[in-house]
Amino acid sequence: MSNNSTPDNQTSETSTEAKRILTGIKPTGIPHLGNYVGAIRPAIESIQDSDHEAFFFLADYHGIIGCYDPAIIHESTRAIAATWIACGLDPERVTFYRQSDVPEIPELAWILNCSCAKGLMNRAHAYKAAVDINTEKADVDPDQGVTMGLFGYPVLMAADILMFNATHVPVGRDQVQHIEMARDIAGTFNHRYKSLFTLPSAVVDNDIPLLTGLDGRKMSKSYSNTIPLFGEPNPQVSAEKQMHKAIMKIVTNSQLPDEPKDPDDSAIFEIYKAFATPEEIADMRARYAAGIGWGDAKQALFDKINDEIAPFRARYEELMANPKELEEILQMGANKARRHSRKQLDKARRAIGIRPLAKLK
């Protein structure tokens, strides 16, 4: 947690405030089942039937930290934007925008950089992991391959959050440190200059599963073991067939049909639980005990996932074929976001002494 004490005049979260929720996703690949279960579905559900403000954004400036292929950044931005809308995000209800369309964010990041201690960045998990890998090698500089983007991205993440004074930021357990850093950065600025920034709270839902991928490891684009949510563009093979084919590739053990199987040691069952009701989960557990064949288990998994995802496909394909509609949605969101960001940046600039010398007629 932050080492900064909280002055009496420092802004912080209170129980009486309405929530302002903010979450982002990096456009560095085609959306997969893990993205849907871990981020998209819970984020959309979190604002249904509530009056909380919500800011959802495409973190494209974060994306270029580790991805140097412009085509991937561009196409992934389109696919992820289409996925959020197709899966039920209402751009009228929330502020849905592309990070790079709000230039006040990187400017605020620079302002925050100038009061953020380097030592704080030295403790960031991603940076430390990169250094640890290098120090295990002979005659390699500890910072080899480390860009300033990788080193300083917690500050950009803090700017994403503090620009809109988000009170609650849904994150995975591996991202909690970055919210603590945002609190630390906000506290330093508030103490040094003026109380402008709310101290955000990390929201970690331990009930959200981290899905296992096709090879038994965590489902991740980095491992190329994902199950695509809507598939790759392919006129010969439908998205539904692509999903079916991927599910049939899930690695299983060599147990034969009719042999009792342990559902708690099965990636198929783990993914199934993320889509099924408690009654359906209990029934599937019984089928495992009775010796369900792996092919039948995979087919049951596909049917369950497809029941939920199929209604979204037509809208997704419609949006992917009409990038102009997507761009209009993003620009609408950018305009909404900038109504907040212009005011917040002006306050930050004035607080640090960057303001007009005199009023001009």
Inset, instruction - Determine, using ring centers only, whether Phe189 and Phe197 are less than 6.0 Å apart. - result: yes
Inset, instruction - For Glu325 and Arg315, run salt bridge (Lys or Arg N to Asp or Glu O under 4.0 Å): C-alpha distance rounded to whole Å, both residues' side-chain angles, the deciding distance at 0.1 Å, then the answer. - result: CA-CA 12 Å; Glu325 181 180 357; Arg315 179 60 173 149; 2.8 Å; yes
Legend entry - Separation between CD of Glu270 and CG of Leu301, rounded to the nearest 0.5 Å: 10.5 Å
Inset, instruction - Could you give me the CA-CA distance, side-chain angles and deciding distance for Gln344 and Glu104, then say whether side-chain contact (heavy atoms from CB on, under 4.5 Å) is met? - result: CA-CA 9 Å; Gln344 185 75 335; Glu104 292 83 6; over 6 Å; no
Legend entry - Spatial distance of atom CE (Met121) from atom CE (Met148) [nearest 0.5 Å]: 10.0 Å
Legend entry - NZ/Lys304: more than 12 non-hydrogen atoms of other groups inside 6.0 Å: yes
Inset, instruction - Answer yes or no: is there an ion pair linking Arg93 with Asp90, defined by an N-O contact shorter than 4.0 Å? - result: no
Inset, instruction - Would you check if Met243 and Ile305 make a side-chain contact, meaning some heavy-atom pair closer than 4.5 Å? - result: yes
Inset, instruction - Check whether any side-chain heavy atom of Leu345 lies under 4.5 Å from a side-chain heavy atom of Ile111, and answer yes or no. - result: yes
Inset, instruction - Side-chain contact test, heavy atoms from C-beta onward, threshold under 4.5 Å: evaluate it for Tyr36 versus Pro31 and give yes or no. - result: no
Inset, instruction - Tell me, with the steps shown, if Leu319 and Tyr316 meet side-chain contact (heavy atoms from CB on, under 4.5 Å). - result: CA-CA 5 Å; Leu319 289 166; Tyr316 174 80; 6.0 Å; no
Legend entry - Gln99 to Asp160 - nearest heavy-atom pair and separation: NE2-OD1, 2.9 Å
Inset, instruction - Consider only side-chain heavy atoms of I, L, V, M, F, W and Y, link residues closer than 4.5 Å, and tell whether Met157 and Ile80 are in one cluster. - result: no
Inset, instruction - Taking the side chain as every heavy atom from C-beta outward, state whether Arg20 and His168 have any pair of such atoms under 4.5 Å apart. - result: no
Legend entry - Qualifying side-chain hydrogen bond (donor to acceptor under 3.5 Å, both in side chains) pairs, either residue in residues 126-139, two or more places apart: Tyr127-Asp143
Legend entry - Heavy-atom closest contact (Arg192 atom, Cys114 atom, distance): NH1-O, 4.3 Å
Inset, instruction - Check whether NZ of the Lys or CZ of the Arg Arg338 lies under 6.0 Å from the centre of the six-membered ring of Tyr97 and within 45 degrees of that ring's axis. - result: no
Legend entry - Sidechain-backbone polar pair: Gln177 side chain, His125 backbone, donor-acceptor under 3.5 Å: yes
Legend entry - Asp283 (side chain) donor-acceptor with Glu279 (main chain) under 3.5 angstrom: no
Legend entry - Arg350/Asp346 ion pair, N-O < 4.0 Å: yes
Legend entry - Under 3.5 Å: donor-acceptor pair, side chain of Ser46, backbone of Ala43: yes
Inset, instruction - Check whether Ile329 and Phe57 end up in the same hydrophobic cluster, where Ile, Leu, Val, Met, Phe, Trp and Tyr are linked by side-chain heavy atoms less than 4.5 Å apart. - result: no
Legend entry - Non-neighbouring partners of Phe56 that pass ring-ring contact (aromatic ring centres under 6.0 Å, His included), sequence neighbours left out: Trp84
Inset, instruction - Rounded to the nearest 0.5 Å, what's the gap from CE on Met181 to SG on Cys116? Could you check? - result: 7.5 Å
Legend entry - Shared hydrophobic cluster, Ile25 / Leu156 (ILVMFWY, side-chain heavy atoms < 4.5 Å): no
Legend entry - Min side-chain heavy-atom separation Val204-Val171 under 4.5 Å: yes
Legend entry - From Asn165 atom CG to Leu196 atom CG, the distance as rounded to the nearest 0.5 Å: 8.0 Å
Inset, instruction - Please check if the side chain of Lys298 supplies one atom and the backbone of Ile250 the other of a donor-acceptor pair under 3.5 Å. - result: yes
Legend entry - Phe55 reachable from Ile85 in the ILVMFWY side-chain graph, under 4.5 Å edges: no
Inset, instruction - Tell me, with the steps shown, if Leu229 and Asn35 meet side-chain contact (heavy atoms from CB on, under 4.5 Å). - result: CA-CA 9 Å; Leu229 192 58; Asn35 299 140; over 6 Å; no
Inset, instruction - State the CD1-CD1 distance between Ile179 and Ile161, to the nearest 0.5 angstrom. - result: 3.5 Å
Legend entry - Taking every non-hydrogen atom, the tightest pair across Ala246 and Leu214: O-CD2, 3.2 Å
Inset, instruction - Would you check if Lys249 and Lys245 make a side-chain contact, meaning some heavy-atom pair closer than 4.5 Å? - result: yes
Legend entry - Glu318 and Asn322 side chains, donor-acceptor separation under 3.5 Å: no
Legend entry - Closest contact, heavy atoms only, Ala159 versus Leu108: O-CD2, 3.9 Å
Inset, instruction - Establish whether Tyr61 and Leu330 are linked, either directly or via other cluster members, by ILVMFWY side-chain heavy-atom contacts under 4.5 Å. - result: no
Legend entry - Smallest separation among heavy atoms of Leu256 and Lys261, with atom names: O-NZ, 2.8 Å
Legend entry - Asp296 side chain to Ile292 backbone, donor-acceptor under 3.5 Å: no
Legend entry - Side chain proximity check, Arg183 to Ser201, heavy atoms < 4.5 angstrom: yes
Legend entry - Parallel, tilted or perpendicular: ring planes of Phe164 versus His340, cut at 30 and 60 degrees: perpendicular
Inset, instruction - Write down the atom of Lys194, the atom of Ala351, and the distance for their closest heavy-atom approach. - result: CB-CB, 4.1 Å
Inset, instruction - Show your working on side-chain contact (heavy atoms from CB on, under 4.5 Å) between Trp110 and Val155 and close with a plain yes or no. - result: CA-CA 8 Å; Trp110 178 254; Val155 180; over 6 Å; no
Inset, instruction - Report yes or no: do Asn122 and Lys118 form a side-chain donor-acceptor pair below 3.5 Å? - result: yes
Legend entry - Any Leu33 side-chain heavy atom under 4.5 Å of Thr226 side chain: no
Legend entry - Summary of side-chain hydrogen bond (donor to acceptor under 3.5 Å, both in side chains) pairs that have at least one residue in residues 65-83, sequence neighbours excluded: Glu75-Arg78
Inset, instruction - Evaluate side-chain hydrogen bond (donor to acceptor under 3.5 Å, both in side chains) for Asp303 paired with Gln299, printing each intermediate quantity in order. - result: CA-CA 6 Å; Asp303 290 339; Gln299 184 62 45; 3.0 Å; yes
Legend entry - Distance, nearest 0.5 Å, that separates NZ of Lys19 from CG of Asp51: 11.0 Å
Inset, instruction - Answer yes or no: are there more than 12 heavy-atom neighbours, outside Asp265 itself, under 6.0 Å from its atom CG? - result: no
Legend entry - Side chains of Asn306 and Arg313, donor plus acceptor under 3.5 Å: yes
Inset, instruction - Any chance you could lay out the side-chain hydrogen bond (donor to acceptor under 3.5 Å, both in side chains) test for Glu280 and Tyr272, step after step, and finish with the verdict? - result: CA-CA 9 Å; Glu280 290 168 334; Tyr272 185 87; 4.9 Å; no
